[in-house]
Amino acid sequence: MLLAHTAVMTEPLFVQLHHQDGAALRDELARGLLGNPASVPPKFLYDALGSRLFDAITELPEYYPTRTERTIFDAHAVEMAAIAGRGRTLVDLGAGNCEKAARLFGVLEPLRYVAVDISVEYLRHALSSLQRRHPGIEMVGVGADFSSTLTLPPEAGGGERLLFYPGSSIGNFTPGEALRFLRQARAASGAGGALLIGVDLVKPTAVLELAYDDPLKVTAAFNLNLLRRLNALLGCDARIDDFEHVALFNECGSRIEMHLQARRALTLRWPGGERALAAGERIHTENSYKYTVDGFERLLRDAGFAHTPHWTDAHQWFAVFLAF
Ligand code: AVJ
């Protein structure tokens, strides 16, 4: 159902794409825990509490990506809109609180705003209040896990789309997965469409590690929240006190890694399985890849984008690319 942009929208439309199959989630978690090293996919970081903790992270002075990206948009959004075109369908991938996209509504003047996020309940709240503030934009909320395949429902509308993937969320993928994702994004943007994407850049290790291990320990709470999710989803018996948050820059891999490190030898038990961890053994919970401008440009070209203008900040800490 597509409505003319003159219509006054009062309630967003919500579409649930993935049906959170409890058995499949348990299976995914158990497989990760039984791996070597043990791991938990980073998408499990974002339940209602995790999404709020992430929002708190973005307020930390040590966590530079969000505010640096904001300065780039503040300085160059008009130029970006001139290239991307106005009146598009703006598709926000991993919308969260929808704030980043909302800040661009004024310059991009989207006809339709499609917010996609894995945390549906969080999206429902954020999008409903946004719809009240922008009754002239048709809004659609899509609950979807696009970490393996990017598919948009018919409710997202056809035509020229501007895909929006800010915050360096692309960093959660390995470079190989990122290439695959970018190819799918190119296909999903449609002929005449574009991708507006934020990418975190390589910088001194001390700056990177402080951003992922802040003295207020908000990032530690964000990471440790995964143990609550293991307990809730898998019926696991993990104790938060038994683990320590570890964040380190793997220079060879050009990525920040987050881990949960066992403070003592222990065994995690859940219905149908168990995993022994030695003292100091880690559960790998997240990769956050850092690119160079040239490296990311190459990736976009490999994905089939012919035009890749980009903008960066004074320190070259972060970059925003418009690819089409
Ligand atoms: C949302 C994946 C971009 O990698 O910086 C923040 C997540 N992890 N602090 C990032 C995160 C720890 C964030 N992304």
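If you read the sequence from its start, that first residue is 1, and numbering goes on from there. We count ligands from 1, going down the list as the structure has it; atoms in each ligand are counted the same way. All values derive from a computational prediction rather than experimental measurement. Worth knowing before you read on, the calculation uses all heavy atoms, side chains too, and leaves out hydrogens, waters and symmetry mates.
Taking the ring centre of Phe14 as origin, the terminal cationic atom of Arg124 falls inside the region bounded by 6.0 Å and 45° from the ring axis.
Contact shell of ligand 1 (protein heavy atoms, cutoff 4.0 Å): Tyr46, Phe54, Ile57, Tyr63, Gly167, Ser168, Ser169, Asn172, Tyr212, Thr219, Phe222, Met258, Glu286, Ser288.
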Self-check item: Residue pair Phe73, Leu104: steps toward the side chain to side chain contact (heavy atoms under 4.5 Å, CB included) verdict
Solution: CA-CA 8 Å; Phe73 281 125; Leu104 295 175; 4.1 Å; yes
Exercise. Output, in order, the C-alpha distance, side-chain angles, deciding distance and verdict of side chain to side chain contact (heavy atoms under 4.5 Å, CB included) for Gln131 and Glu11.
Key: CA-CA 7 Å; Gln131 179 75 88; Glu11 273 307 315; 5.9 Å; no
Expected list for residues 59-66: side-chain donor-acceptor pairs under 3.5 angstrom, two or more places apart:
unit_1, atom_1, unit_2, atom_2, d
Tyr64, OH, Asp200, OD1, 3.3
Tyr64, OH, Asp200, OD2, 2.6
Tyr64, OH, Lys203, NZ, 3.1

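Identified under the ring-ring contact (aromatic ring centres under 6.0 Å, His included) test for residues 268-293, with sequence neighbours left out: His259-His284, Tyr291-Phe296.
For Glu79, the side-chain hydrogen bond (donor to acceptor under 3.5 Å, both in side chains) test picks out Trp311, with sequence neighbours left out.
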